[in-house]
Structures are given as C-alpha cells and as structure tokens.
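Both ligands and their constituent atoms are indexed starting at 1 by order of listing. For reference, positions follow the sequence shown, starting with 1. Quick note: numbers below take in every heavy atom, side chains included, and nothing from hydrogens, waters or symmetry partners.
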Amino acid sequence: MAESRMNPVSGGSHEHEIAIESLLDERRHFPPPPAFAAHATLNDPAIFARAAADPVAFWEEQARELDWFEPWHTALEWDLPFAKWFVGGKLNVSYNCLDRHVLAGRGDKIAYHWEGEPGDTKTITYAQLLDEVQRCANALKALGVGKGDRVAIYMPMVPELPVAMLACTRIGAPHTVVFGGFSAESLSDRINDSQAKLVITADGGWRRGKVSPLKPNVDDAVKMSPSVEKVLVVRRTEQDVAWDASRDVWWHDIVPQQAADAAPEPMDSEDMLYLLYTSGTTAKPKGILHTTGGYLTGVAATHRWVFDIKPEDVYWAAADIGWVTGHSYIVYGPLTNGTTSVLYEGTPDFPDAKRWWSIVERYKVTILYAAPTAIRAHMKWGRAHAQHHDLSSLRLLGSVGEPINPEAWMWYHEVIGGGRCPVVDTWWQTETGGIMISPLPGITTTKPGSATQPVPGIFADIVDDKGESVPLGEGGYLVITKPWPHMLRGIYGDPQRYKDTYWSRFPGKYFPGDGCHRDEEGYYWLMGRVDDVMNVSGHRLSTTEIESALVDDHRVAEAAVVGTPDSLTGEAIVAFVIVKGSTTITPELGEELRAHVAHKIGAIARPKQVMFTPDLPKTRSGKIMRRLLRDIAAGRPLGDTTTLADATVVETIRDASANAKDDD
Ligand code: WT7
C-alpha cells in the first residue's frame, strides 16, 4: 500500500499560468477499516449528493438537531457577502449544551475529565456543569453584565473557563476569549476593540511547573482599557496578587453564593455569540464575529460527522480553548452532542514527554485531536514515550492547524494509532467557524498529507489568478463557493475590511488565503498561506511540500522553508532545519538534505541553503512565522515580533545563521 512516486517538474507549456505548482506526489492511501466503517455514524457516501442537491435544506435538517425555542421563518438570507441563517429562530446555546441533556436524564454523564498540570483532577457531570453555569450567569448579572454586553475572558485551562463561556451564552453576553499566553497589551487591544465591560481571569495558570501569571497582566491591561468595570478572578495558583477592592471580585466570593437557576435567554439565531481575534497582515487584530444558530448547527454537525461521535466515546481535543479549535471542538460542538471530553491544563512534556500518553491511557481516550506541531514534537522526543503506555482505547485520530506532512501523518497513524485508527486531517479557520475540508472516517479513503474533500454541505474550488477553476491535477487558490451556516458574519466594527480581506480577490467567492493543489481524484492538498509562496525561476512553489520532503529524512525533526531575493532566480529557497537529538550537524548533512529534496521533488526545489537551528519562531498557536525567517534569511531588520511565543528564538536563529556558510 505504501508507495510514493516523484513527479518530473512540469514544463511550462500550460494553457494558463499555473498559480502554484505541486511537485510532491504522495500515493499511499488508506480506505476506512471495514470494522470502523460498519459502525460509523456516516457510512453512506450518498450524503454528499443529498447535500449538494439542496444545500440549504440539508443544513436545515442539521439545524433541527438543536433545540429551538422558536422556529426560523427563513433558512438563509444571502446578501453577498453577508449571510443570515435560520432567520427568526430563537435558541440558547447553554440550553443546547447542557439543559437538554440533563432533561433527557443524562445529567450524570461526564462532560469533562479535567486534569491540571500539577496532577490535580476533577470530574464534572452535565448536571454539575449546568448548576455551576447558572450560578455564574447570576454572578455576571450581579456584576452588571446584561444581554449584548461583551465579556473578555483571559484564563488558564481550568473548568471555570468553559463555565464562564457558557454563562455568557446563558444571559446573551458575547464573550471574547483571549489566549492566556498573550501580553497585557494584546489583551488591552482586544478589550478596547470589543469594549468589554467585564474581564474574567485567574491569579495564574500552571505551565511547565511554574506559575504563569494572569491577574498582573489584567491589571496592566485595564489601565489602558477604560471600558472595564469589574474583574472576576478565579483562584488557581494561589500566589499573592494586587487587589483593587472597588473593581476586583473573587470567583469563590460570588459564584457559589448565587441561586442555581438562571433561565436561558432566548437569543435570535443571528445574535452575536462571540468574537475571536486573529492576527492579520497589519498589526490590528481582526475581531472575527460568530453568531448563534448557524454556528452551533455547523460545529455540532461537523463534530458528529468528522469524529464519528458515539455516546460512549471519550474525546480529547488537545488544544487551548483560547483558539477557535477550543471554542468549536472542546466547548460548543462536544457539549451540544453530549460528549465526554478530556480537558488538560498544561504542556505536553510536563513532567515528561509521557504526559499525553498517560492521559490517553488513564481516561481511555477513544478520539484524539491534535496539531501537527505537537505531533512533530512527540516524534522528536521519540516513540518510546508512547510505547510505554496502553493506547489501545484510541479508535480515531484528528489533525488541525497546518498542513500535516506525510511523515508525521504516518507516525501518528502507526505509533499512536497502532495502524488501526483512521486519521482525519481537518482544514478550517477561525473565520470558517468549523471544519470545512476533512475525511469522513467511515467513508473516505485517506491519503497521508491530504485533507481530502469538503465535508457535506461545503462547496470549494481551486482557481487561478483570474478566478477560473483549474483542472484536476493542478494547484491554485482555495475558494469556498457557497455560504455555510457557521461562517463568520464579519470583522467586528469593520465591514469594509471584511469585504476586502475575504471577498475582493475573487468576486462572489470566499478566499481563505491558502494555496491548494487538487489531484486527479479531486483530493485537496493544502499548501500553506499564499503569502508564503515562493517564486523560483518563474515556478511558484509551496513551502509545505519542500518542508515535507525535508522532514521525510529520518534525521530531521522540523523544517521551515522561505524564499529570499536572488539575482539569478528571483527567489532562492532557504531551509531552516531542526535535527533530531541524536544527529550531529555536519556540512555533509546540509548537502545530503539538499540532494534529498531534489530527489524527492525535483531540482527546482533544491534549497540554495540549509541552515541548522535549534528552534523556529512560532506564534503562540504553533504556526511558524515565515515572515521573520524571510527577514533573517535576507539579513533584514526584523518586522513585528509581538506575536512570537518566545522572543529569544529569533536571536538564537540569527546567531546560528551568521555562522552558517553559503554552500552554493
Ligand atoms: C489557517 C487557519 C483551524 C483551527 C486552528 C487554526 C491553516 C488549519 C489546516 C489543515 C492545512 C491548515 C490554514 C488556515 N490550517 N488547518 N488541516 N491543513 N492547513 O485556525 O488560526 O484561524 O488558522 O491554518 O492556513 O487558513 P487559524
């Protein structure tokens, strides 16, 4: 089954200009295991045709899986690019996530197995979660928060985080969750843009055995954010914190004292549910706006389909709730489906690299959803950690956040999944709200490195510079061609930026900003952000494929590739490479890796230079910041580094690259 074939570099005799060339040809494929398919929630491919025949009716069918206080009168109002779904319908998100399960007699079912980094644990049932959410909702009201008021949430991964989010939805106050790793300034920017009235935080969170302070950052942020009236503080790490008695309130002094019933506010389907800020090309972050009925319909349906959710599953999305993955697939999707989830506070390598696998074993996790960057870190640490634990409970593996290189896909499949678990590589964005392109594990034959096909009810295409659909077997720009219920409704306060960013490049189509190749069988291979595409001697090459080829060498742990100006070829390829622990760096190794890429992809893709580095600059969500690597490669001063997870890495890489010799 495992065979991979190289493609000769294409000529240039194409009838239209090729937007992005694809040179890597991965031929391994994995049909759904028959035993898995036999019990899968979805195992009839007819669902695709049914959705395509009448997409709006299909999504209405999904919306009926929710509990509505009042039905909608119009399923979709589409005033391009502004969509309204299930217009006139009224519902409450917390009611759908909690009350309806408790009312159906499932109150004792576990909603979250929570585990703190120090090893403390808590089991929370649906009934307990509902109780706590109602008390918190009453506390929010007591603190002056009403329907429509924005609440900023800046917390570690403790149970109070989903409680706070659900309490906001119960009273109709949109939340904006700010990842706990962001600085006071980033927090303040987001509070100011959303004009939040209340901040919910904690004294701190645990990270690699140390307290990562939160309250001090809130104190600094609030000095720059006059909209904030109150700060609600969970006690987690118990260090001393500064206290402003006129503004600050301990969670334990107000929440438990409240009445445990708070009627769910009936919300309009199109009322704002939350804002989630994501960085754009300019410094000002974009407040991605999601609304209520369509969003919940989309995340619940995609969670059911893609993860094949069954009542007895123990599902673990090992992400932070501060990202959209956490919103859609730790909180709203799983709870709407009444799923039992694992919620883990800390880092994957604390106290050691066995932590994740110990969690899988102890809670008998059946479905694991993780990011390629985490999978590659585990590869680097070695398979022994996983092999030390019983992972036989796992039946399905998911990936999200960036393209997963075939090497990491295979490792995940074999070492973690024991060769028996389907792998679902899910492509989506903060803006799309939920999974857009992904295998359905009981139906789709997967290919390592491909997100495969749009899910039912989602319609995509690959287009060239002119916006024309490219034939199968070619690369170009990914676009989404029809509105979908969980799509963003805009950028908060900036409709023009919404139009410019997503709808102006290809009129009438949503442009996510990603390059993509579609093979002869119509499979989608994501090729990274188009801003990262390199132009070498007139060939537009994706970073993803060259990085995949590098990581394919057993000595390479991680690689990032960028283009740097070159008088001869326009751009030349520079590869930044992290080697695995046991490997010694030699000039020959650089040569061998260059040759390996040339062999695997073609001479055009041979990096001009390989730089060995101990680390790579990443955003706090684990995405490589190629922009900074381009600056380093070109010897330019560095641009904005404020979103870096670790600001010291660029200096380390610079030092390493200053010592590297140009091997051409
Ligand atoms: C961007 C969105 C999706 C939730 C977490 C990230 C990249 C995401 C994949 C994938 C290839 C992927 C894209 C996308 N991306 N998933 N499976 N294969 N690329 O959300 O921070 O909004 O980032 O992440 O470039 O546009 P986000």
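- By the 4.0 Å heavy-atom criterion, D514 is counted among the residues contacting ligand 1.
- Pairing each heavy atom of A557 with each of K380, the nearest pair is CB-CD, 3.4 Å.
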So R489 and E270, salt bridge (Lys or Arg N to Asp or Glu O under 4.0 Å) or not? Walk me through it. CA-CA 9 Å; R489 297 303 192 261; E270 281 298 331; 2.9 Å; yes
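- Heavy-atom contacts of V324 reach the following atoms of ligand 1: 4 (C) (cutoff under 4.0 Å).
- Between R529 and ligand 1, an N or O atom pair is found at a separation short of 3.5 Å.
- For atom 6 (C) of ligand 1, the candidate residues are Q429, E402, K623; the nearest heavy-atom contact is made by K623.
- Considering only non-hydrogen atoms, atom 19 (N) of ligand 1 lies nearest to P403 out of S328, G515, G622, P403.
- Between D519 and K447 there is a salt bridge, since a side-chain N of the basic residue sits under 4.0 Å from a carboxylate O of the acidic one.
- The closest side-chain heavy-atom distance from M487 to H290 is not below 4.5 Å.
- Ligand 1 places these atoms under 4.0 Å from at least one heavy atom of V400: 3 (C), 4 (C).
- Note that the CG atom of L66 and the CG atom of N96 stand 5.0 Å from one another [nearest 0.5 Å].
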Yes or no on salt bridge (Lys or Arg N to Asp or Glu O under 4.0 Å) for E547 and R626, after CA distance, side-chain angles and deciding distance? CA-CA 12 Å; E547 289 161 4; R626 291 188 185 72; 3.0 Å; yes
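- Both cation-pi conditions hold for R505 and Y477: the charged atom is under 6.0 angstrom from the six-membered ring centre and inside a 45 degree cone around its axis.
- For S399, no nitrogen or oxygen atom sits less than 3.5 Å from a nitrogen or oxygen atom of ligand 1, counting backbone and side chain alike.
- For the salt bridge (Lys or Arg N to Asp or Glu O under 4.0 Å) with E402, the lone residue among K623, R529, R376 that qualifies is R376.
- Here is the list of ligand 1 atoms found below 4.0 Å of a heavy atom in T430: 20 (O), 21 (O), 22 (O), 27 (P).
- Not less than 6.0 angstrom separates the ring centroid of Y502 from the ring centroid of F511.
- Residue W428 places a heavy atom less than 4.0 Å from ligand 1.
- Geometrically, ligand 1 and G528 share no nitrogen or oxygen pair separated by less than 3.5 Å.
- In the vicinity of L526, heavy-atom distances shorter than 4.0 Å reach the ligand 1 atoms 11 (C).
- Shortest contact from atom 15 (N) of ligand 1 to any protein heavy atom: G401 O, 3.2 Å.
- Neither the backbone nor the side chain of I437 has any atom closer than 4.0 Å to an atom of ligand 1 (non-hydrogen atoms only).
- Ligand-side atoms of ligand 1 in range of T325: 4 (C), 5 (C), range being under 4.0 angstrom from any heavy atom.
- Using a 4.0 Å cutoff on heavy atoms, A451 does not count as a contact of ligand 1.
- Atoms of ligand 1 found under 4.0 Å from any heavy atom of T426, numbered from 1 in the order shown, are 9 (C), 10 (C), 16 (N), 17 (N).
- A distance of 6.0 Å or more separates the ring centres of Y344 and W356.
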